[in-house]
Every structure is written in structure tokens, then in C-alpha cells.
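Only this structure's heavy atoms are used, side chains among them; waters, hydrogens and symmetry mates stay out. Here is the naming used below: chain letters follow the sequence lines, and residue numbers restart at 1 for every chain.
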Amino acid sequence: MPELPEVETIKRSLEREVVGKEITGLELRRPSLLQDASPKELEAKTTGAKIVRVRRRAKYLIFDLDNHYSLILHLGLEGRLLLDEKEAEEIGLVLHFADGMKLHLDDIKGYSRLFLSPTQGVERLPSLAKLGLEPFTPNYKWESFEKLMRTNQEIKRLLLDQAKIAGVGNIYASEVLYRCRIHPRQLANELTLSEARCLFDEIQKIMEEAIQHRGASVSHYRDIDGSKGEFQNFLKVYGRAGRPCERCRTPIEEIDQGGRGTFFCPKCQPLKEPAKFGMDELF
DNA sequence: AGTATAACCTGTCTGC
DNA sequence: TGCAGACAGGTTATAC
């Protein structure tokens, strides 16, 4: 469920609420949540440890502990972290802190995943190691981005590929393409330089705006205090099939791309035929 | 190698 | 009203 801005919002709240706290107990209610480690090892490495830092890498949260181990959490499609009992269904995981506070991972669907790793080797976890260009990091460079566009892949699918661009999910992919007036089925190597440049800039811009509004609560997403974000109120196409485009009043359309819904304005975002097709017709 | 589908789950909404 | 089927903000193994 959460994309980069939502995870960043949660990360900032966790920095305020749990950094410095000692973990006194842990309930792993859905053991399948845990990857590459045994529940016993998880308990041994977390109980009695203090959280010294919370970080984010793309859509992953990283809790660094004072025993040189880290917990790495991905919230999947609908996972939420909630402090104390507020709305929490206590499915997944509960962390108990020395001051009596509890942090619940509430994830009915069960797509969340938890990893345990030495802090030193976190970035070598396969899931993290393969992540691509990430907004707000030094590797988010135009020269690298431009190279990513040299492929025959549909641009919307490419934006969702975490190995290429990390942190963009299904909401922001549609929104960014709308901002840049690019059809989601346009092939990446058919984009003009200025279209690609627009994507590069707008990806980071929209995420900045979304973070300022504490994420988009389209359905399930909540901050750790249970509060909704506000950015859903600023979405132009996602979830708006049939409603008029704010720019031209044409009804927003929804199409399927690789099993994911894509929303776009058919008039503002026309599919452009590659130049070579036009040439062929001349002969 | 690089890209497209299927699968993982459960709750909720839609259409017949 | 009831129920079958589709769909959900993600990632991954598997199949071309």
C-alpha cells in the first residue's frame, strides 16, 4: 500500500516516537512475515535492544538497534504500523517497549515482510541491493535516468520496476505521467528528451509534495497515530476513472497494465506513433 | 539478460 | 438480497 512518501511519513513519526526506546518483547503473530531468519533468532536479537535509528530505503523501513542488528520492514500492499491499540487488529507483529508503549504491524493481507540483518550488511540484502535510482538520494542523477529510458518497455511498467526507479508505486506512476502528458503505454525509448526530463523532475517533485501532505490515504494507509494523510485530495487521475480531467474535462480512463490499474487522460496524454511508422507509410 | 505473467492473501466492492 | 468474480497503493519466483 505505501509508496515512498507514505513510508517516509511513517519513518518521520517513528523517529519521534520510538527512537531511543528499548524493546522488551516481541510477538510474531504471523511467522511467515519473517524472511531468512528464525523466530527464535528474531526474539534473541531484538529483546533488550534499543532502537537507535530509523531509516528508509525506497519503500523499506530500517530499524537500527544498539546491538548492531537491524530490522527491515516492508509494508506490502496494505500493511500499517500503529502505536498502541488504536485500530490495530494485532495481526502480524507487536513490539513492546520498556515504557509500556506498543507498536503493532496490522496487515490482514499478509504481504508485509520482515528481515533481520547485521546493520553493517543491510544494504547487501538482496531486496535492497537490487533497488535502482531513488529520489532524494545522491544516485538520483539525470544522466542515469536518461540511460534507463533506452528500452522498449512501456513507461508505466518501467516506473513501477523497483530495480530501475525505487520508491514509485501505482499511484504516483499514474500521477507523474499525467503531469508530463505522457501516455502510459508509450515505450520508454520513444519519449522525447524533454518528456524524460519532465519525468525525472516530477517524480521527485510529487513525492516532495506528497510527503508535505503526509502521504495519500486512498484507502488503507494511516500514519502510526492512525491519522490519514491529505495527498489523496490532490490526485488528478488515480482512482478517478470516468471523472472529468481537470485540464480538459475529458473523462479519465482506466486501463490494465500487467495486472495493475493505470489511470490517465486520453486527450492530455495521447499515444504518439513512433516516427519510423510515419516514415513507412510514405512508401 | 531482460521482460511478461502468476502467485501470494483476505477484505471489499460490483454486477448479474 | 445474495453470491460469484474482480480488484486492491507490492514483490517475488517462474516462464518465455
Side-chain angles (χ1 to χ4, degrees), chain A residues 1-10 29-36 56-61 72-81 87-93 105-115 125-132 134 147-178 184-185 187-189 203 206-207 210-211 213-223 228-242 254-264:
Chain A
M1 127 204 250
E3 306 182 33
L4 188 153
E6 288 73 37
V7 180
E8 176 64 21
T9 303
I10 292 169
R29 302 198 174 183
R30 184 197 294 276
S32 60
L33 172 69
L34 186 59
Q35 318 286 314
D36 304 326
R56 179 188 58 74
R57 174 80 172 95
K59 304 172 190 170
Y60 292 83
L61 286 167
I72 302 95
L73 178 66
H74 193 295
L75 293 171
L77 214 44
E78 290 188 354
R80 315 153 134 180
L81 282 175
E87 292 188 51
E89 297 179 33
E90 303 200 354
I91 295 166
L93 180 76
L105 170 63
D106 168 13
D107 180 13
I108 294 165
K109 196 169 292 173
Y111 287 172
S112 296
R113 287 168 313 130
L114 180 69
F115 305 81
L125 270 178
S127 297
L128 298 192
K130 70 176 174 206
L131 293 171
E134 178 173 340
K147 286 196 184 83
L148 285 182
M149 298 297 130
R150 298 174 192 173
T151 167
N152 274 321
Q153 205 178 19
E154 291 177 350
I155 185 62
K156 162 69 171 5
R157 286 166 174 262
L158 187 151
L159 292 177
L160 288 184
D161 185 344
Q162 301 299 298
K164 303 208 167 124
I165 300 157
V168 178
N170 211 29
I171 293 179
Y172 297 102
S174 283
E175 292 296 321
V176 155
L177 290 170
Y178 174 80
R185 287 203 204 282
L187 303 186
N189 59 14
I203 286 170
I206 196 169
M207 294 201 161
I211 291 166
H213 290 93
R214 303 185 328 283
S217 290
V218 167
S219 64
H220 229 253
Y221 164 73
R222 297 291 184 278
D223 199 348
K228 290 185 178 186
E230 298 291 338
F231 201 67
Q232 66 277 13
N233 300 320
F234 299 88
L235 301 178
K236 304 300 184 193
V237 287
Y238 184 84
R240 300 176 61 85
E254 179 177 9
I255 56 175
D256 181 286
Q257 285 182 289
R260 320 293 307 278
T262 301
F263 299 86
F264 71 107

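Contact between the side-chain N/O atoms of Ser127(A) and the OP1/OP2 oxygens of dT12(C) is found at a separation under 4.0 Å. At least one side-chain nitrogen or oxygen of His74(A) sits closer than 4.0 Å to the OP1 or OP2 atom of dT11(C). Regarding contacts with the backbone of dC7(C), every side-chain N or O of Arg260(A) stays at 4.0 angstrom or more from both OP1 and OP2.
Between the Glu134(A) side chain and the Gly132(A) main chain, no donor and acceptor come within less than 3.5 Å of each other. Panel note: side chain Arg185(A), backbone Leu187(A); no donor-acceptor pair is recorded below 3.5 Å.
The side chain to side chain contact (heavy atoms under 4.5 Å, CB included) search around Arg260(A) returns Lys156(A), Leu160(A), Asn170(A), not counting sequence neighbours. Thr9(A) meets the side chain to side chain contact (heavy atoms under 4.5 Å, CB included) test with Arg214(A), Tyr221(A), Asp223(A); sequence neighbours excluded. For Glu175(A), the side chain to side chain donor-acceptor pair (under 3.5 Å) test picks out no residue, with sequence neighbours left out. For the side chain to side chain donor-acceptor pair (under 3.5 Å) test, no residue two or more places apart in sequence or in another chain qualifies with Lys59(A). For Ser32(A), the side chain to side chain contact (heavy atoms under 4.5 Å, CB included) criterion is met by Arg30(A), not counting sequence neighbours. Residues satisfying the side chain to side chain donor-acceptor pair (under 3.5 Å) test with Asp36(A), not counting sequence neighbours, are none. Listed by chain and residue number, nothing satisfies the side chain to side chain donor-acceptor pair (under 3.5 Å) test with Asp256(A) (two or more places apart in sequence, or in another chain).
No engagement by Phe231(A) is indicated, since no non-hydrogen atom pair under 4.0 Å with the nucleic acid exists.
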Nucleotides 3-16 of chain B: protein proximity per nucleotide (B base, S sugar-phosphate only, - neither; heavy atom, under 4.0 Å): SSS--BBBS-----
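Using P as the reference atom, dT12(B) and dT11(C) are 23 Å apart when rounded to the nearest Å. Look at the P atom in both dC3(C) and dC9(B): the space between them is 26 Å, to the nearest Å.
If you take CG of Leu4(A) and P of dG10(C), they are 11 Å apart, rounded to a whole angstrom. Regarding Leu131(A), its CG atom lies at a distance of 8 Å from the P atom of dT11(C), rounded to whole Å.
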Secondary-structure string, 5' to 3', Watson-Crick or G-U under 3.5 Å, | for another-strand partners, for DNA chain B: .|||||||.|||||||
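Of the candidates dT12(C), dA8(C), dG10(C), dG10(C) carries the atom nearest the Glu3(A) side chain, counting heavy atoms from C-beta on.
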